[in-house]
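Bear in mind that the values here come from a model prediction, so they are computed numbers and not experimental data. For ligands, and for the atoms within them, numbers begin at 1 and follow the listed sequence.
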Amino acid sequence: MRDLRISVTDRCNFRCTYCMPREVFDSSYRFLPHEAILSFEEIARLARVFVGLGVQKIRLTGGEPLVRRDLHRLVSMLKELPAELTLTTNGSLLVKQAHELKKAGLDRVTVSLDSLDDATFRAMNDADFPVARVIGGIEAAAAAGLGPVKINMVVKRGVNDQGMVQMAERWRLSGHIIRFIEYMDVGSTNGWRMDDVVPSAEVIERISGHWPLEAIDPNYPGEVAERWRYADGAGEVGVISSVTQAFCSSCTRMRLSTEGALYTCLFAQTGHDLKRLLRGGASDDALRNEIAAVWQKRTDKYSEVRTAETAKERKVEMSYIGG
Ligand code: SAM
């Protein structure tokens with residue numbers, strides 16, 4: 001166990017069509033009530049137990065983590081722990097919050113940006129949010145000292161794949177790292193089909209056609225992104241191939257949902273309730289034993305056994321479990 005992803009909210013101000021489609025997450029959708037959500041104090045206590053069990057890296061996510069009020073308060077609580085602290089965000093609120101987050105102790109951010117073409121991006125986020133404001137957020141993060149920024153682009157065939165090369169060109173020489181993510185069958189609301197996936201091998205081939213790329217070693221065992229660098233020294237890109245090259249066997253991640261359930265896989269159907277223990281007065285030792293037992297018993301390898309049939313199974317939504 002090396003990485004912990006903590007979902008701090010199931011809400012988001014975007015409605016990305018592949019993640020929180022507006023038809024499902026509309027005004028009648030019932031998000032978690034306030035009392036169901038872990039408090040910052042509860043999250044920090046659990047995080048301390050996880051770090052005691054070997055976690056070295058904590059990522060705050062959601063939903064959109066920056067819509068949770070006063071997130072910087074949680075950051076300052078987690079900063080006390082001997083672990084790297086990062087955050088994944090759609091970037092929409094970074095201009096306002098980057099400086100405060102850095103001051104509170106955040107180490108780095110990853111920003112999602114699926115296209116540089118404004119019409120394509122506005123259609124994908126389905127919130128009519130412009131590219132320029134996300135780029136402003138990336139620049140604010142870098143200026144605040146939260147760089148190098150990783151930029152996540154989910155690639156969906158026929159939707160935004162024609163913009164991959166432009167995206168690579170935009171971030172070459174910037175010091176930031178663009179990562180191309182294979183579109184996944186997370187949750188059960190996005191209508192995923194294998195035909196929509198652009199394999200990472202094709203991404204590398206298409207970019208290499210413009211600027212040759214060479215593979216480089218992972219930063220650490222179990223790193224999710226495969227790393228490539230431009231042969232001309234212009235920087236690095238990453239690909240995340242959870243569909244075509246599953247990495248279950250080296251997975252070191254645990255996920256804590258917004259309401260305190262523990263998930264051993266992004267594609268899980270059920271979680272393990274830690275909130276009940278936490279609010280029932282369990283000691284740190286009891287929490288540690290429970291988490292260790294869940295970890296030791298995990299058998300998940302969904303991405304290795306994925307088929308068109310498994311893709312239809314009911315899985316937990318990414319906005320709830322944390323991306
Ligand atoms: N709201 C934040 C954001 O936009 O980055 C954090 C949560 S979001 C669920 C985390 C990441 O998951 C984003 O980079 C998003 O693009 C990615 N994601 C969501 N649904 C996906 C899918 N079906 N396949 C691949 N990546 C997905």
Side-chain angles (χ1 to χ4, degrees), residues 3 5-22 24-25 31 58-68 71 86-94 97 101 106 108-115 120-121 124-127 129 131 133-134 137-138 141 146 149-157 159-161 163 167 177-200 203 224-225 238-247 253 255-258 263 266-267 302-303 306 311 315-323:
D3 309 272
R5 301 208 174 183
I6 302 175
S7 175
V8 295
T9 176
D10 59 339
R11 292 163 197 260
C12 188
N13 54 345
F14 282 14
R15 283 293 175 273
C16 297
T17 49
Y18 55 78
C19 186
M20 292 182 77
R22 198 172 279 284
V24 178
F25 296 89
F31 290 98
I58 296 175
R59 177 174 296 282
L60 301 178
T61 179
E64 171 48 44
L66 299 188
V67 303
R68 174 113 184 221
L71 190 75
T86 64
L87 171 108
T88 301
T89 172
N90 61 28
S92 62
L93 299 168
L94 264 180
Q97 298 189 28
L101 289 166
L106 190 68
R108 279 187 309 98
V109 290
T110 296
V111 179
S112 305
L113 177 60
D114 294 328
S115 181
T120 306
F121 183 58
M124 286 183 85
N125 65 53
D126 203 11
F129 201 86
V131 171
R133 283 181 57 196
V134 178
I138 293 170
L146 292 168
V149 178
K150 288 184 181 152
I151 298 153
N152 278 355
M153 171 178 178
V154 175
V155 185
K156 203 171 165 190
R157 195 179 297 284
V159 176
N160 64 340
D161 62 320
M167 190 68 106
I177 302 171
I178 170 80
R179 302 177 332 155
F180 301 94
I181 304 182
E182 288 180 349
Y183 169 50
M184 297 183 286
D185 53 327
V186 283
S188 33
T189 56
N190 69 6
W192 182 88
R193 294 177 321 133
M194 186 67 204
D195 288 353
D196 296 330
V197 178
V198 178
S200 294
V203 173
V224 177
V239 287
I240 301 181
S241 327
S242 96
V243 179
T244 62
Q245 281 172 276
F247 37 78
R253 269 168 300 288
R255 292 168 189 274
L256 182 63
S257 79
T258 314
Y263 286 83
L266 182 55
F267 299 93
Y302 177 83
S303 291
R306 171 187 290 108
K315 301 176 233 91
V316 69
E317 293 301 324
M318 196 162 178
S319 51
Y320 164 81
I321 195 177

What I want to know is whether [X] and ligand 1 share at least one N or O pair that is separated by under 3.5 angstrom.
X: Gly63; result: yes
X: Asp114; result: no
X: Tyr18; result: yes

Problem set entry | Identified side chain to side chain donor-acceptor pair (under 3.5 Å) counterpart of Tyr18 within the set Asp114, Asp185, Asn190, Asp196 | Asp114
Seminar exercise, completed: closest protein heavy atom to atom 24 (N) of ligand 1 is Met184 N, 2.8 Å
Run the numbers for me: atoms of ligand 1, each under 4.0 Å from some heavy atom of [X], listed by number.
X: Val186; answer: 22 (C), 23 (N)
X: Cys19; answer: 9 (C), 19 (C), 20 (N)
X: Asn190; answer: 23 (N)
X: Ser112; answer: 3 (C), 4 (O), 5 (O), 13 (C), 14 (O)
X: Thr61; answer: 6 (C), 7 (C)

Seminar exercise, completed: Which of Ile151, Val149, Asn152, Val154 passes side chain to side chain contact (heavy atoms under 4.5 Å, CB included) with Leu113? It is Ile151
Exercise. Would you call Asn125 and Asn90 a side-chain contact if the rule is heavy atoms closer than 4.5 Å?
Worked result: no
Problem set entry | Phe14 and Phe121 aromatic ring geometry - parallel, tilted or perpendicular at 30°/60° bounds | perpendicular
Exercise. Using a heavy-atom cut-off of under 4.0 Å, does the side chain or the backbone of Thr88 touch ligand 1, or both, or neither?
Worked result: both
For this session: Indicate whether the side chain of Thr88 and that of Thr110 have a donor and an acceptor atom separated by less than 3.5 Å.
Result: no
For this session: For the pair Glu317 (side chain) and Met20 (backbone), establish whether a donor and an acceptor sit closer than 3.5 Å, ignoring hydrogens and angles.
Result: no
